[in-house]
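So the structure is just underneath, and the comments pick up after that.
The shown structure was predicted, so the numbers you read here are calculated from the model rather than taken from an experiment. A note on names: the letters A, B, ... follow the listed sequences, proteins ahead of strands, and every chain is numbered from 1.
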Protein chains: 2
Amino acid sequence: MPKDTFYNLKPEKKKAIEAAFLEEFSQKTFEDASISQVVKSLGIAKGSIYQYFENKLDLYLHLKSECEKTKLAYIMGLNRKDFPDFWKYFRKMYEVGVLFYLENPQASKFLTAIGKNTHSPTIKSYIHDWRNQAHQMFEEMIRGEVKAGNFRKDVAIKTMSFFLVSASTSIGEYMEVIYDMDFNKELEKGQKDFAKQKKILLQSVDDYILLLQKAFEK
Amino acid sequence: MPKDTFYNLKPEKKKAIEAAFLEEFSQKTFEDASISQVVKSLGIAKGSIYQYFENKLDLYLHLKSECEKTKLAYIMGLNRKDFPDFWKYFRKMYEVGVLFYLENPQASKFLTAIGKNTHSPTIKSYIHDWRNQAHQMFEEMIRGEVKAGNFRKDVAIKTMSFFLVSASTSIGEYMEVIYDMDFNKELEKGQKDFAKQKKILLQSVDDYILLLQKAFEK
DNA sequence: CCTAAAAGTGACCGCATAGTCATTTTTTGA
DNA sequence: TCAAAAAATGACTATGCGGTCACTTTTAGG
């Protein structure tokens with residue numbers, strides 16, 4: 001847990017520090033991310049960081065939980081029961097996910113980057129836990145749909161869950177590719193249309209759903 | 001390129017060095033992998049490594065190309081034309097892939113681990129190239145199947161290719177999970193049946209194909 | 001205004017890395 | 001047998017890291 005000193009910081013400075021480290025941890029492994037370099041770019045002393053946090057991991061986990069909290073606020077309130085079928089629900093998840101991405105690109109990229117620490121001795125256990133949770137969640141969802149007669153039942157639920165988790169991850173990567181392509185295109189034209197971006201990103205999701213739906217239906 | 005000194009080494013020593021570094025690079029990032037630690041475990045001097053290779057990257061790329069060469073020997077000879085449909089061809093690719101895995105676990109794991117260096121400043125360009133090649137290959141294959149009327153044509157080829165690449169990666173990860181589970185189960189019983197392992201791994205592929213087939217068919 | 005607490009600092013420590021190179025050891029073949 | 005070539009060595013360099021701490025500066029409030 002961060003120390004009181006950190007929470008006593010002026011909001012702008014707190015934000016600046018968080019932003020700088022989000023950036024660093026989005027682009028490097030936990031081990032390769034360098035506190036020394038970030039404080040240099042921030043123009044503060046390295047010692048200060050250790051007035052705010054216990055150590056590097058404490059800092060990392062603080063960012064992680066902050067970003068997760070932010071994202072959760074977007075996801076919260078979504079309930080399978082409120083949708084006529086699983087894919088409408090699935091799509092809505094991505095709709096709020098895209099909103100989160102467009103409104104908090106740094107946080108979103110950081111959360112994605114966490115998953116790239118598969119080999120980090122410090123971080124891998126957190127990833128492992130997260131993956132297990134995701135698989136369990138998806139398994140339960142799929143089991144529900146199978147029981148309700150909405151999904152095929154000739155393929156093991158574990159397999160379908162693995163398939164769906166990977167497809168979900170892939171959607172995220174695909175969206176980033178599409179976003180970069182389109183972002184550069186818009187840059188040339190010297191504009192940046194938020195609503196249009198959202199539409200383009202969600203088109204990727206819709207296309208993926210077209211494929212997934214067929215794969216999972218009876 | 002490795003220096004002559006390396007190729008002049010006695011085969012056993014050469015193999016031992018390669019094996020030790022395959023192991024290290026399978027478990028750590030390129031940057032985090034430690035030559036110092038590997039040479040210690042090998043019982044040779046660090047200077048020797050620099051008699052064999054220009055530098056760390058040279059060593060890494062040597063292992064990469066060696067493993068790729070080994071795997072290529074398994075894949076080579078497979079031709080879409082020799083199969084009645086795409087999924088029979090796809091399955092055969094995994095059949096030889098599984099064989100490669102069972103016969104060269106270190107090489108196979110190393111090749112998989114390359115992909116985890118997305119954030120490595122030294123390695124990421126190689127991954128990027130590899131990904132682009134994979135996507136291009138898959139795109140061409142899919143285009144062929146669409147033109148032949150075997151695949152649906154209402155989803156962009158780029159999307160289908162992204163979907164298929166991710167599913168393929170996922171199969172690999174799924175197989176490792178399944179393999180570990182089953183390997184441990186067999187260990188308890190104190191046996192290790194190669195043919196049975198192969199069958200179990202390929203069952204994962206078959207299940208994935210059941211899903212993919214539906215997703216892609218007209 | 002002045003003092004005590006809080007915040008900020010950066011030189012420094014211990015450690016680990018990739019890579020070098022003068023020196024020693026081993027191998028080779030005439 | 002012996003000298004020249006090849007290979008092996010490990011102390012050493014330069015660099016970078018996370019983390020510490022004695023010290024300085026800023027802030028707060030009686």
Between S48(B) and I44(B) (side chain of the first, backbone of the second, donor and acceptor by atom type, cut-off under 3.5 Å), is there such a pair?
no

So, does N8(A) get its side chain near the phosphate of dA6(C), meaning an N or O under 4.0 Å from OP1 or OP2?
no

Let me test you: for the helix from dC1(C)-dG30(D) to dA30(C)-dT1(D), what is the angle between the axes at its two ends (five pairs each), rounded to 10 degrees?
10°

What I want to find out is whether [X] reaches [Y] closely enough, with some N-O distance under 4.0 Å, to be called a salt bridge.
{"X": "R143(B)", "Y": "E140(B)", "answer": "no"}
{"X": "K92(B)", "Y": "E95(B)", "answer": "yes"}
{"X": "E31(A)", "Y": "K28(B)", "answer": "no"}

Please give, in whole Å, the distance from [N] [atom2] to [X] [atom1]?
{"X": "L42(B)", "N": "dA8(D)", "atom1": "CG", "atom2": "P", "result": "12 Å"}
{"X": "K3(B)", "N": "dC21(C)", "atom1": "NZ", "atom2": "P", "result": "11 Å"}
{"X": "D4(A)", "N": "dA5(C)", "atom1": "CG", "atom2": "P", "result": "16 Å"}

Nearest 0.5 Å please: distance from the NZ atom of K116(B) over to the CD1 atom of I114(B).
12.0 Å

Run the ring-centre check on Y179(A) versus Y101(A) and record whether the distance is less than 6.0 Å.
yes

I want to check something: taking the side chain as every heavy atom from C-beta on, are Y60(B) and F21(B) in contact at a cut-off of under 4.5 Å?
no

Quick one, Y174(A) and I178(A) - any side-chain contact, counting heavy atoms below 4.5 Å?
yes

Quick one: what's the B/S/- string for nucleotides 9-28 of chain D, heavy-atom cutoff under 4.0 Å, read 5' to 3'?
BB------SBBBB-------

